[in-house]
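Below is one structure, written out as structure tokens, with a few remarks after it.
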Amino acid sequence: MSLTRRQVGLAAVAAVPLALAAPGAVQAARRMRRLYIAGDSTAAQKYADAAPETGWGMALPFFLRKHLAVANHAVNGRSSKSFVDEGRLDVILGEIRPGDFLLIQFAHNDEKVTDPARYTEPWSTYQEYLRLYVDGAWARGARPVLVTPVERRRFDAGGVALPSHGEYPAAMRALAAEEGVALLDVQALSLALWQELGVEGTKAYFNWTESEQDNTHFNPPGAIAVARLVARELVRARVLAPRDVVRLDDDIPTSWITWPEADDAQAD
């Protein structure tokens, strides 16, 4: 899909960090700006029946000033394709407003070759579906932000953290460069963090319990750590200004994470 001049202009306006805007525009933006998350279970809101499993989107608000809100639409088990096919992108595009942001993180379920409802091929259908999010945000005056998928906990026999997403991160990086979209490289940063923490240390960040050894989903410390990476990347990529974030170097109490009861509409 090619960009229209209108889309390019809207992207340029949305790309200005809050700190660089005129004072009146800053006040207006603070009243309206939201960070929407389109993604899978690694980012999603979790409920009481899933505790202590925690999506990084639950922890992201801890790193943002009060004039920025998080609208977390990430859902367990979705790929870039199934999220669109189920009408979930349409819901976001019906709500999102000029000056908002759309964070887009998919790949975990796009990789499921045996599931035609979710599978996408990295260099064709994956990029094609991601463009729907990008173009949809731009068309509404919002800023799309591509987020490479957070890494799973995988190590070889020598204790080296292994990438698990194949060509999907590279395909997203290429799309971001081609379309001029901000990229948060959470895949590379999380892989480096898991390497730093090591085989045993990473267990304290994933959903390891007495009954489960989950190397994909996070517990509160893991979700907080990944949300911190996302917040830092938002500043590095100049999506947000330094004045828009808080606590980047502070300890965040895990007690800040809560799991509400799910109603019928949320139990998905």
Side-chain angles (χ1 to χ4, degrees), residues 7 9-40 42-46 54-75 78 80 83-84 86-106 130 132-147 181-184 186 223-224 226-248 252 256-258 260 265-266 268:
Q7 287 173 325
L10 290 170
V13 171
V16 178
L18 299 185
L20 301 182
V26 170
Q27 292 178 359
R30 286 179 176 175
R31 289 194 298 271
M32 67 181 295
R33 284 196 168 184
R34 289 189 174 189
L35 286 82
Y36 286 80
I37 302 174
D40 54 39
T42 60
Q45 172 69 51
K46 309 296 180 177
T54 311
W56 62 257
M58 297 167 63
L60 186 58
F62 304 152
F63 298 102
L64 302 177
R65 295 284 185 185
K66 292 182 179 179
H67 61 269
L68 291 168
V70 173
N72 190 355
H73 287 249
V75 181
R78 272 52 178 192
S80 64
F83 196 93
V84 169
E86 293 173 4
R88 297 179 186 276
L89 176 58
D90 288 337
V91 171
I92 293 175
L93 297 182
E95 297 177 4
I96 204 165
R97 295 293 180 264
D100 288 342
F101 307 90
L102 176 55
L103 277 58
I104 308 152
Q105 182 208 254
F106 291 101
L130 292 179
L132 297 178
Y133 298 80
V134 169
D135 291 347
W138 267 335
R140 287 155 182 81
R143 185 173 184 185
V145 181
L146 291 169
V147 184
V181 178
L183 177 82
L184 314 185
V186 173
I224 291 168
V226 175
R228 192 189 308 272
L229 295 180
V230 171
R232 286 175 173 165
E233 280 286 273
L234 286 167
V235 175
R236 181 203 59 77
R238 293 177 59 82
V239 175
L240 299 181
R243 66 182 294 173
D244 299 323
V245 297
V246 292
R247 307 186 190 93
L248 291 187
I252 303 296
W256 288 10
I257 297 287
T258 59
Q266 294 164 328
D268 195 331

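Judged purely by atom type and a 3.5 angstrom limit, D100 uses its side chain to pair as donor or acceptor with the backbone of R34. Put simply, the side chain of R228 gets close to the backbone of R247: a donor and an acceptor are under 3.5 Å apart. Of the possible polar contacts, one joining the R140 side chain to the L93 backbone as a donor-acceptor pair under 3.5 Å is found. With R238 contributing its side chain and R236 its backbone, the two residues share no donor-acceptor pair below 3.5 Å.
When all heavy atoms of T258 and Q45 are compared, the pair lying nearest together is O-NE2, 4.2 Å. In plain terms, the two heavy atoms of V235 and A241 that are nearest each other are CG2-O, 4.2 Å. The shortest heavy-atom contact between A227 and W56 is CB-O, 3.6 Å. Nearest approach of V70 to G57, heavy atoms of both residues: CG1-O, 4.2 Å. Shown here for A182 and R143, the closest heavy-atom pair between the two residues is CB-NH2, 3.6 Å. When all heavy atoms of R88 and E86 are compared, the closest pair comes out as NE-OE1, 2.6 Å.
For the pair V245/L234, no side-chain contact is recorded, criterion being any heavy-atom separation below 4.5 Å from C-beta on. Considering only heavy atoms from C-beta on, H67 comes within 4.5 Å of D244 through its side chain. Contact annotation: the side chain of L60 never approaches that of N72 to less than 4.5 Å [non-hydrogen atoms, C-beta and beyond]. Within the 4.5 Å cutoff, the side chain of V181 has no heavy atoms near those of the I104 side chain.
Between Y133 and F83, the ring planes lie tilted relative to each other; the angle falls in the 30° to 60° range.
The CG atom of L64 sits 12.5 Å away from atom CZ of R33, with the distance rounded to the nearest 0.5 Å. I252 CD1 to F62 CZ: the interatomic distance, rounded to the nearest 0.5 Å, is 7.5 Å. How far CD1 of I224 is from CE of M58: 10.0 Å, rounded to the nearest 0.5 Å.
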Stepwise side chain to side chain contact (heavy atoms under 4.5 Å, CB included) check, V230 with L103: CA-CA 10 Å; V230 171; L103 277 58; 4.1 Å; yes

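The one candidate from L184, T42, I37, V145 that meets the side-chain contact (heavy atoms from CB on, under 4.5 Å) condition with Q105 is T42.
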